[in-house]
Amino acid sequence: MMKILLPLAVLALAACRTPHTTQPYDYTAFKESNPKSILVLPPLNESPDVKATWGMLAATTLPLSEAGYYVFPVAVATETFKQNGLSNAADIHAVKLNKLRDIFGNDAVLYITVKEYGTKYQVLQSVTTVTADAKLVDTRNGKTLWQGSASASDEAGKNNNNGLFGALIGALVDQISGTLGDRGYDMAQTAASRLLSPSTTNGILYGPRSPHYQSAPK
């Protein structure tokens, strides 16, 4: 009898547990700073794909602009860094905030680190994944205003109902075409949208150029 009651008790306790919920982000520093312009630095690349930095950088302007911020043109900013002898993302990330503000006059800096980028071959399919972390920092006082992370993958859209051999060949072809065509760039667009959209849970706040400015975040 005890052997039956014990599992039932465990199930009853499990049923009483409160479901996990995401803690709301503390936007106090963000609202106090009220940034209007953002300089996006070339992302650090921790993936093996050399295209990750520029693929992710190119994907950041649209979601930030749509969120209501002035975003410094990434091509102009990159050329400015090159003219000052900086072409490596790590070196650019090491530039002091006051120096960046002196050059660009920006309110905030967005630091991005790419964790995953590109197409990987698996047993029955190849999957393209982009994962990135971001941190927004006030150039006036060095405070972190917001941090977030996001990922995008085309794994959900794969269909391997063509038999084992067909799946293996399809995965190989898919990986080659995905690598040569930089499918990571397409996934970077999705990842950046998820990462920098105010409509996501604990996402970046709407900027002053948005009609939703100062509306409550999700």
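Considering V109, L110, T139, D107 in turn, L110 is the only one that fulfils the side-chain contact (heavy atoms from CB on, under 4.5 Å) rule with I38. Residue W146 forms a side-chain contact (heavy atoms from CB on, under 4.5 Å) with just one option from V137, N202, L205, L196, and that option is L196.
Here the closest non-hydrogen pair linking P35 and A108 is CB-CB, 4.1 Å. The two residues A29 and L145 make their nearest non-hydrogen contact at O-CD2, 3.5 Å. For the pair A52 and N45, the tightest heavy-atom approach, listed with the atom from each and the gap, is CB-OD1, 3.3 Å. In terms of heavy-atom proximity, Y25 sits nearest to Q147 at OH-N, 3.0 Å.
Note on residues 53-79: pairs passing side chain to side chain donor-acceptor pair (under 3.5 Å), not counting sequence neighbours, are E79-Q83.
For Y111, the ring-ring contact (aromatic ring centres under 6.0 Å, His included) criterion is met by H93, not counting sequence neighbours. For N141, the side chain to side chain contact (heavy atoms under 4.5 Å, CB included) test picks out D138, K143, with sequence neighbours left out.
Between F104 and F81, the ring planes are tilted. Angles from 30° to 60° get that label.
Between the side chains of T28 and D26, at least one donor N or O sits under 3.5 Å from an acceptor N or O.
Surrounding NZ of K36 are more than 12 heavy atoms belonging to other residues, nucleotides or ligands, all under 6.0 Å away.
Side-chain atoms of T119 and D154, non-hydrogen and from C-beta on, never get closer than 4.5 Å to each other.
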